[in-house]
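Protein chains get the first letters and strands the later ones, always in sequence-line order, with residue 1 at the start of each. These values consider heavy atoms only, across backbone and side chains, with no hydrogens, waters or symmetry-generated copies.
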There are 2 protein chains.
Amino acid sequence: MTPVVSHHLTYLAREKQQITISNAQRRQQGEDLILKVAEEVFAKHGFHGATVTEIGKCAGLPKANIHYYFSSKEKLYQRVLEDVIDLWLEASQQFEDFDDPAKSLTAYINAKMDLSRTRPNGSKVWANEVARGGSRIQTHLNTRLKQWVESREVWINRWIERGQMRPVNAKYLLYMIWASTQHYADFDTQIIALNNNKPLSDEQFEEAKSCIVEVILKGVVIYDNP
Amino acid sequence: MTPVVSHHLTYLAREKQQITISNAQRRQQGEDLILKVAEEVFAKHGFHGATVTEIGKCAGLPKANIHYYFSSKEKLYQRVLEDVIDLWLEASQQFEDFDDPAKSLTAYINAKMDLSRTRPNGSKVWANEVARGGSRIQTHLNTRLKQWVESREVWINRWIERGQMRPVNAKYLLYMIWASTQHYADFDTQIIALNNNKPLSDEQFEEAKSCIVEVILKGVVIYDNP
DNA sequence: GTCTATAACCGGATAGAC
DNA sequence: GTCTATCCGGTTATAGAC
């Protein structure tokens with residue numbers, strides 16, 4: 001279990017540093033593993049339904065070890081939540097990469113859909129927390145998210161002024177995109193049930209993606225007709 | 001607290017019947033009140049986070065009374081869920097009233113949006129349950145919901161054949177409508193935060209409704225160009 | 001039917017050995 | 001750092017007085 005350190009190392013100082021780094025890395029690995037399974041367990045049972053014992057069991061540890069890495073269940077949950085927010089903001093940068101509504105919206109929708117595919121549990125934890133309306137996320141809603149939305153509104157309104165988009169309320173358009181993409185994570189159970197109890201294949205998922213892209217683009221974008 | 005019964009009643013039998021009905025009604029009222037506040041509390045805290053004590057307090061009763069009306073927390077929760085499903089199926093009949101995609105989709109979206117406006121808590125409880133992916137709703141997903149979706153697919157595909165709609169996967173279109181409309185219930189906290197911490201006014205909500213209707217219609221409906 | 005008091009249980013957190 | 005044993009608060013459910 002202890003890190004394997006070569007006995008051939010000439011410099012003791014170097015060996016010591018090696019061990020230090022290794023321990024830090026191991027701690028990091030422990031945290032990462034716990035965060036990963038915690039996201040799963042919180043998504044499956046909600047904050048109150050999830051138990052530290054189960055998180056431990058999924059990580060192959062007794063629950064006392066969880067408390068060694070994270071002082072409390074609440075703190076662990078907040079870390080999971082923060083990681084989801086970071087991920088979300090990362091994906092939302094896709095919006096900025098083009099000065100053309102069709103390209104920007106397509107890239108953004110695809111990025112959000114990929115997140116729903118790869119991190120459905122993160123999306124569920126987030127959805128849950130928002131539905132509860134608790135104070136844990138109020139700060140984020142009123143600062144980073146608010147700012148991001150306002151900056152996107154400026155862009156969308158500019159596209160509308162230029163005649164590249166039909167006049168549409170930017171916020172309600174964003175809500176439609178968030179809802180349509182996150183649905184594939186938050187409601188995956190329902191989608192599976194309606195797909196003969198099989199998860200969507202990659203092909204089906206791509207079809208779902210382009211369905212959303214097409215509807216949104218045809219719904220709001222004005223194309224030049226030369 | 002006991003029902004007021006007129007002393008002028010001539011027939012004892014009638015009086016007795018009156019009392020019987022009245023008691024039944026009172027029991028019904030008790031159940032309805034509890035179901036109403038239970039939906040609220042379950043929506044706010046989730047199944048495990050909600051406590052029978054709080055449900056009782058919100059209904060002005062000690063928790064033992066809740067157990068008098070509903071044998072367990074689990075049973076009460078299931079009743080709340082069933083009521084939400086019934087409501088959902090009721091609204092979904094709006095889809096059937098027209099043999100024209102634009103009219104049908106508009107009516108359906110409006111009905112779903114009205115539900116999000118009037119019963120956001122029901123929507124949250126449902127969303128939560130689906131996200132958990134538990135067995136409580138599996139039967140419904142695999143029977144009534146599946147059948148409803150399949151029958152709608154037939155209609156949508158017919159509209160496509162007739163050239164009234166662009167070729168689009170019916171299921172993915174339905175998911176987009178569900179997601180976009182339910183979002184206004186499930187994510188109301190987020191929407192409020194992004195609206196200067198004020199709930200959407202009736203005017204704003206109508207604007208959101210027509211935003212969804214317009215995007216979906218322009219996204220999928222083909223209009224005759226005479 | 002309604003309410004108080006209590007039983008039985010469970011989960012988060014910690015003490016302390018290793 | 002890791003794990004076992006334990007404490008303590010809170011929750012469901014019920015017994016039993018009124």
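- Atom C1' of nucleotide D:dT14 and atom CG of B:Asn65 are separated by 13 Å, given to the nearest angstrom.
- Neither OP1 nor OP2 of C:dT2 sits under 4.0 Å from any side-chain N or O of B:Tyr68.
- Taking 4.5 Å as the limit, every side-chain heavy atom of B:Leu115 sits out of range of all side-chain heavy atoms of B:Gln182.
- Applying the side-chain contact (heavy atoms from CB on, under 4.5 Å) test to B:Glu54 and every residue at least two apart in sequence or in another chain returns B:Val41, B:His45, B:Thr51, B:Cys58.
- One atom, CD of A:Gln29, and another, P of D:dT2, lie 12 Å apart when rounded to the nearest Å.
- Counting to the nearest Å, the C1' atom of C:dG1 and the CD atom of B:Gln28 are 16 Å from each other.
- Side-chain contact check for A:Phe205 versus A:Tyr184: some heavy-atom pair is nearer than 4.5 Å.
- For A:Glu31 and D:dG1, the CD to P distance is 10 Å, given to the nearest whole Å.
- Atoms CG (A:Leu61) and P (D:dT4) sit 11 Å apart, rounded to a whole Å.
- Counting heavy atoms from C-beta outward, B:Ile55 and B:Leu76 have side chains that approach closer than 4.5 Å.
- Relative ring orientation between A:Phe42 and A:Phe47 is described as parallel, the plane-to-plane angle staying below 30° on a 0-90° scale split at 30° and 60°.
- Rounded to the nearest 0.5 Å, atoms CG (B:Leu173) and CZ (B:Arg152) are 12.5 Å apart.
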How would you summarise protein contacts on nucleotides 8-14 of chain C per nucleotide, using B for base, S for sugar-phosphate only and - for none, with heavy-atom distances below 4.0 Å? ---SBBB
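- Separating the NZ atom of B:Lys57 from the P atom of D:dG10 is a distance of 12 Å, rounded to the nearest angstrom.
- Using cut-offs of 30° and 60° for the angle between ring planes, the A:His183 and A:Phe187 rings count as parallel.
- Across the protein-nucleic acid pair, A:Phe70 atom CZ and D:dT2 atom P stand 13 Å apart, rounded to whole Å.
- Look at B:Tyr69 and you'll find a side-chain N or O under 4.0 angstrom from OP1 or OP2 of C:dT2.
- Note: NZ (B:Lys75) to C1' (D:dA13) measures 15 Å, nearest angstrom.
- Closest contact between the side chain of A:Arg27 and the listed nucleotides D:dG1, C:dT4, C:dG1 involves D:dG1.
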